[in-house]
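Inspection log for the structure reproduced underneath, given as structure tokens.
Note that the coordinates shown come from a computational prediction; the quantities given were computed from them, not determined experimentally.
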Amino acid sequence: MPSEVSRILILGGTREARELAGYLEEDARYHVITSLAGRTAAPNEVTGEIRSGGFGGVEGLMEFTRKKRIALIVDATHPFAVQISANAADAGARTGIPCLRLERAPWAERKGDNWTHMTDIKAAARAIPQGARALVTVGRQEVAPFFARRDIRVLARMIEPPEFDVPDNAEVLLARPPFSLKRERALLEAKRIEVLVSKNSGGDATYTKIEAARALGLPVIMIARPDRASPAAASCVGEILSLIGRSLD
Ligand code: NAP
């Protein structure tokens with residue numbers, strides 16, 4: 001590898017991270033390592049070098065950047081993945097390696113939407129009306145408070161099964177985005193869903209459930225993103241590419 005090649009660590013697990021790795025890998029000036037948390041047994045394919053599993057906190061991440069001679073970190077993790085972002089920012093500040101955060105914009109409520117805004121998962125679980133049939137799309141790691149509500153019917157959609165027993169009043173649907181609007185609408189109708197629970201993840205891949213709920217006049221319990229210490233540097237891949245170019249010039 002020529003010495004002028006800059007080594008970039010992408011903290012991934014999102015569609016944007018995959019797209020970014022694809023673009024950067026085509027550019028001879030960069031070598032990319034994408035890091036995945038290792039939670040998904042069969043993750044989507046990523047271009048370039050991949051490593052998987054936690055680093056062992058900030059110290060471990062700093063050690064990794066030193067060993068791999070990383071010139072720049074791009075934190076392109078999910079808007080709800082707060083710990084790894086905090087670790088990345090901390091590692092960047094302590095090593096002097098620039099750390100840029102790429103975070104897609106949140107969804108905004110539109111005409112015809114009926115959202116109840118929640119700031120955390122437990123409050124969202126409590127907000128489901130007694131006896132209601134809910135489609136819960138918060139991921140397997142955070143589904144427990146919904147399963148604990150024995151007075152509602154839960155259809156929980158996730159990529160991989162939960163690590164604990166599914167109660168009788170709940171059903172797990174394993175599926176990986178993107179989902180078409182037609183399919184989302186058909187699911188809501190077939191399962192006679194009365195309320196949708198979603199994180200405000202943003203992006204296109206899962207927005208169709210919001211559109212389907214709007215079309216059917218269904219309420220949405222929308223969980224707001226966690227607060228972050230500072231705003232993201234970029235909200236799309238094009239924007240972060242130009243920032244990377246400027247940072248490494
Ligand atoms: P988190 O709570 O912010 O992070 C917990 C720990 O997991 C981190 O301290 C780190 O362990 C490890 N970790 C997380 N992301 C990593 C990465 N990309 N590479 C290496 N280690 C990572 O994270 P999370 O919310 O569980 O999310 C885990 C992964 O799933 C992220 O890559 C995220 O982009 C993706 N994801 C999350 C959500 C969500 O709703 N939270 C949704 C879709 C995708 P160490 O401290 O040992 O380094």
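Met118 and Ile121 end up in the same hydrophobic cluster when Ile, Leu, Val, Met, Phe, Trp and Tyr side chains are linked at under 4.5 Å. Val172 and Leu155 are assigned to two separate hydrophobic clusters, defined by single-linkage of ILVMFWY side chains at heavy-atom distances under 4.5 Å. Hydrophobic cluster membership differs between Ile84 and Met62, with clusters built from Ile, Leu, Val, Met, Phe, Trp and Tyr side chains linked at under 4.5 angstrom. Grouping the Ile, Leu, Val, Met, Phe, Trp and Tyr side chains by contacts below 4.5 angstrom, directly or via other members, places Met222 with Leu135. Criterion: ILVMFWY side-chain heavy atoms under 4.5 Å apart, direct or through other members. Under it, Val32 and Ile244 are part of a common hydrophobic cluster.
In this structure, the side chains of Asp204 and Pro178 stay at 4.5 Å or more apart for every pair of heavy atoms. At least one side-chain heavy atom of Ser201 sits under 4.5 Å from a side-chain heavy atom of Arg104. Counting heavy atoms from C-beta on, the side chains of Ile8 and Leu248 come closer than 4.5 Å. Using a 4.5 Å heavy-atom cutoff, the side chains of Thr95 and Arg66 are not in contact. Two residues are said to be in side-chain contact when any heavy atoms from C-beta on lie closer than 4.5 Å; Ile210 and Trp115 meet this criterion. Counting heavy atoms from C-beta on, the side chains of His78 and Arg225 never come closer than 4.5 Å. Taking 4.5 Å as the limit, every side-chain heavy atom of Phe64 sits out of range of all side-chain heavy atoms of Ser35.
Rounding to the nearest 0.5 Å gives a distance of 12.5 Å between OH of Tyr30 and CD of Glu4. In this structure, CG on Leu9 lies 13.5 Å from CZ on Arg69, to the nearest 0.5 angstrom. Interatomic distance, CD1 of Ile240 versus CG of Leu100, reported as 5.0 Å (0.5 Å rounding). For the atom pair Leu196 CG and Ile128 CD1, the distance stands at 10.0 Å (nearest 0.5 Å). Here the CZ atom belonging to Phe147 is positioned 11.5 Å from the CG atom belonging to Asp168, to the nearest 0.5 angstrom. Atoms CZ and CG, on Arg15 and Asn44 in that order, are 9.0 Å from each other to the nearest 0.5 Å.
Within the 3.5 Å criterion, the main-chain N or O of Lys68 finds a donor-acceptor partner in the side chain of Arg7. In this structure a side-chain-to-backbone donor-acceptor pair under 3.5 Å is present from Glu160 to Ala41. For the pair Arg51 (side chain) and Ile33 (backbone), a donor-acceptor distance under 3.5 Å is absent. No donor-acceptor pair closer than 3.5 Å links the side chain of Glu25 to the backbone N or O of Ala21. Checking side-chain atoms of Arg140 against main-chain N and O of Ile159 turns up no donor-acceptor pair under 3.5 Å. A distance-only check finds no donor-acceptor pair linking the side chain of Arg110 to the backbone of Gly112 [under 3.5 Å]. Checked by atom type and distance alone, the side chain of Lys199 never pairs as donor or acceptor with a backbone atom of Ile223 at under 3.5 Å. Judged by distance alone, the side chain of Thr208 and the main-chain N or O of Phe179 form a donor-acceptor pair under 3.5 Å. Checking side-chain atoms of Asp75 against main-chain N and O of Asn87 turns up no donor-acceptor pair under 3.5 Å. The closest donor-acceptor contact from the side chain of Arg153 to the backbone of Arg150 lies at 3.5 Å or more, if one exists at all.
Salt bridge annotation for Arg133-Glu171: absent, with no cationic side-chain nitrogen under 4.0 angstrom from a carboxylate oxygen. Of the charged side-chain nitrogens involved, none lies within less than 4.0 Å of a carboxylate oxygen, so that Arg214 and Glu109 do not count as a salt-bridged pair. For Asp27 and Arg29, the salt-bridge test passes: some basic side-chain N is under 4.0 Å from an acidic carboxylate O.
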| request: Using the side chain to side chain contact (heavy atoms under 4.5 Å, CB included) rule, take Leu241 and Leu20 through it: C-alpha gap first, then chi angles, then the decisive distance, then the call. | output: CA-CA 8 Å; Leu241 280 169; Leu20 179 62; 3.7 Å; yes

| field | Trace of the side chain to side chain contact (heavy atoms under 4.5 Å, CB included) decision for Thr116 with Val195 | value | CA-CA 10 Å; Thr116 301; Val195 57; over 6 Å; no

| field | side chain to side chain contact (heavy atoms under 4.5 Å, CB included) between Glu184 and Glu211, intermediate numbers included | value | CA-CA 9 Å; Glu184 292 297 65; Glu211 294 177 300; over 6 Å; no

| Residue pair Thr65, Phe55: steps toward the side chain to side chain contact (heavy atoms under 4.5 Å, CB included) verdict | CA-CA 10 Å; Thr65 58; Phe55 294 98; over 6 Å; no

| task | Check the pair Arg185, Ser180 against side chain to side chain donor-acceptor pair (under 3.5 Å), reporting the backbone distance first and the verdict last. | result | CA-CA 9 Å; Arg185 194 180 164 135; Ser180 72; over 6 Å; no

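Nearest heavy atoms, Ile193 versus Ala134: CD1-C, 4.0 Å. When all heavy atoms of Ala17 and Leu11 are compared, the pair lying nearest together is CB-O, 4.4 Å. Residues Ala108 and Asp113 approach most closely at O-OD2, 4.2 Å, considering heavy atoms. What you find for Ala37 and Ser52 is that their closest heavy atoms are C-OG, 4.4 Å. Taking all atoms of both residues into account, the shortest heavy-atom contact from Arg228 to Ala81 is NH2-O, 3.4 Å. The two residues Thr14 and Ala76 come nearest to each other via the heavy atoms OG1-O, 2.6 Å.
Taking the six-membered ring for Trp and thresholds of 30 and 60 degrees, Tyr207 and Trp107 have ring planes inclined between 30 and 60 degrees apart.
With a 6.0 Å radius and a threshold of 12 heavy atoms from other residues, nucleotides or ligands, Tyr23 has its OH atom at or below the threshold. Under a cut-off of 6.0 angstrom, the local environment of CG in Asp151 is crowded, with over 12 non-hydrogen atoms contributed by other residues, nucleotides or ligands.
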